K.L.:
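What follows is a structure written as structure tokens; I'll ask about it next.
Because the structure is a prediction, the values reported are computed rather than measured. In what follows, every chain begins at residue 1, and chains take the letters A, B, ... in the order their sequences are listed.
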2 protein chains.
Amino acid sequence: MQLPEAKSKFIEAWGKLGSEWGINRTMAQVHALLMVSPEALTTEEIMEELKISRGNANMTLRDLISWGLVEKQHKAGERKEYFFADKDTWNIARQVAKERRKRELDPIIKILDELSKVEGDKKDEAFKTFNKSVNDINKLAKNVDKTLETMLKAEENWFWGSIFKMFK
Amino acid sequence: MQLPEAKSKFIEAWGKLGSEWGINRTMAQVHALLMVSPEALTTEEIMEELKISRGNANMTLRDLISWGLVEKQHKAGERKEYFFADKDTWNIARQVAKERRKRELDPIIKILDELSKVEGDKKDEAFKTFNKSVNDINKLAKNVDKTLETMLKAEENWFWGSIFKMFK
DNA sequence: ATAAACTTTCAAATTATTTTGAAAGTTAGA
DNA sequence: TCTAACTTTCAAAATAATTTGAAAGTTTAT
């Protein structure tokens, strides 16, 4: 297999994985492309390589920037914007964990907290089951939340810091 | 807030969370409904409660069974099938991790292994970057895979076993 | 063997998500 | 200021995912 073929396989696979995990396929593909590009790319180049429209490229890049996975670069004497992806997988994982925590975990914990407070007849099986399930999920979610928080400040923490070295 | 309202909020929230993580909204909702139901439910009851069609209910229940989250039950002297969800959050988490590992992580590792083998000009920046990114992701994926494997047999392992007790 | 009770299938309809592309907006330099 | 280079927006179009519902299939009891 040659590089160009390998590259498109990688982009395709990353796009598929993303879409299976609720991340827009194109966003994952643009990210994949930038991850294997030594140089920052222009919108034009990305449109060209992935055969996507200008609007799509623009929106996707903005999203990637808001996820903290891509940054804009400017080259001296050029008007064009260049886009560059951090290639440190650990940073990427941390960044994704951080964003998903903020966007999805935190909101559901808020709801679960509310639902934990619902009062009812302690003899009623329906109420008992509801209560137990909601409370258990809430506990699990809070534990995941705490674990992520610890993870995200790994550098400051000897314990997780040493666990993470195992993953590098 | 009363139980019926709380129940629908829970079902709605679980459905939303599912869809954000690539799990069909209806599937997550049916799962949520069964999680708060002390008794096993029939297809009819599920259709009724969630206002979904028979076909949808049937397919969704089959999916949930294939995910290992729901099981069929039969009541003596009845033709109807009843559906019941495991309510132990830790089992649910394990089960989901197990399935997603099999369905999504394993396939991507297979692709990454192939792409790791691609040969090329070691002076070429494009090749070097491709190689490094693919290899790094591959390593991370393999570590996640190993960690999940260990997690999934937690009971047999003193280290993770004791970590997990913190989550129970 | 037949009928009633129940489950499964899947093509077509619906709904949700993503993508396009042309127009509007912005910026930098002459 | 004006214009060319570049970026952003967003309504409409295209695509993808989900859902429906009626027909076909299956099972059980008589």
K.L.:
Assess the residue pair A/Ile137 and B/Trp14 against the criterion (side-chain contact (heavy atoms from CB on, under 4.5 Å)); give the C-alpha distance rounded to whole Å, side-chain angles, the decisive distance to 0.1 Å, and a yes or no.
P.N.:
CA-CA 11 Å; A/Ile137 293 169; B/Trp14 205 240; 3.7 Å; yes
K.L.:
Side chain of B/Asn58 only, please: which of C/dC6, C/dT9, D/dT8 is the nearest?
P.N.:
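The closest nucleotide is C/dT9.
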K.L.:
Write down the distance between CD (B/Glu81) and P (D/dT28), rounded to a whole number of angstrom.
P.N.:
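B/Glu81 atom CD is separated from D/dT28 atom P by 10 Å.
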K.L.:
In whole angstrom, what separates B/Lys80's NZ from C/dT7's P?
P.N.:
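That distance rounds to 8 Å.
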K.L.:
Atom CZ of B/Arg62 to atom P of C/dT8: distance rounded to whole Å?
P.N.:
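From B/Arg62 CZ to C/dT8 P: 7 Å.
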K.L.:
Rounded to whole angstrom units, what separation is found between the CD atom of A/Glu45 and the P atom of D/dC6?
P.N.:
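Atom-to-atom, A/Glu45 to D/dC6, this comes out as 12 Å.
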K.L.:
Would you give a per-nucleotide map of nucleotides 13-30 of chain C, 5' to 3', where B means the base has a protein non-hydrogen atom under 4.0 Å away, S means only the sugar-phosphate does, and - means neither?
P.N.:
-----SSBB-----BS--
K.L.:
For a quick check under 3.5 Å, do B/Asp63 and B/Asn24 share a side-chain donor-acceptor pair by atom type?
P.N.:
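Looking only at side-chain atoms, B/Asn24 and B/Asp63 do not form any donor-acceptor pair under 3.5 Å.
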K.L.:
Give the C-alpha distance, both sets of side-chain angles, the deciding distance and a yes or no for side-chain contact (heavy atoms from CB on, under 4.5 Å) between B/Glu45 and B/Glu49.
P.N.:
CA-CA 6 Å; B/Glu45 289 169 319; B/Glu49 182 103 17; over 6 Å; no
K.L.:
What is the distance from NZ of A/Lys16 to P of D/dA16, rounded to the nearest Å?
P.N.:
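Interatomic distance, NZ of A/Lys16 to P of D/dA16: 15 Å.
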K.L.:
Donor-acceptor pair, A/Arg25 side chain versus A/Ser19 backbone, under 3.5 Å?
P.N.:
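Absent.
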K.L.:
Quick one: closest heavy-atom pair of A/Phe10 and B/Val134, and the distance?
P.N.:
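Minimum heavy-atom separation between A/Phe10 and B/Val134: CD1-CG2, 4.1 Å.
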K.L.:
Of B/Met35, B/Glu99, B/Gln95, which is the lone residue that meets side chain to side chain contact (heavy atoms under 4.5 Å, CB included) with B/Leu69?
P.N.:
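Answer after filtering B/Met35, B/Glu99, B/Gln95: B/Gln95.
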K.L.:
Which whole-number value in Å describes the distance from B/His74 NE2 to D/dT27 C1'?
P.N.:
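It is 11 Å, rounded to the nearest whole Å.
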K.L.:
Given atom CG of B/Leu50 and atom C1' of D/dT20, what is their separation to the nearest angstrom?
P.N.:
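Going from B/Leu50 (CG) to D/dT20 (C1'), I get 15 Å.
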K.L.:
Please report the distance, rounded to the nearest Å, between CG in A/Leu61 and C1' in D/dT9.
P.N.:
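Distance check: A/Leu61 CG to D/dT9 C1' gives 15 Å.
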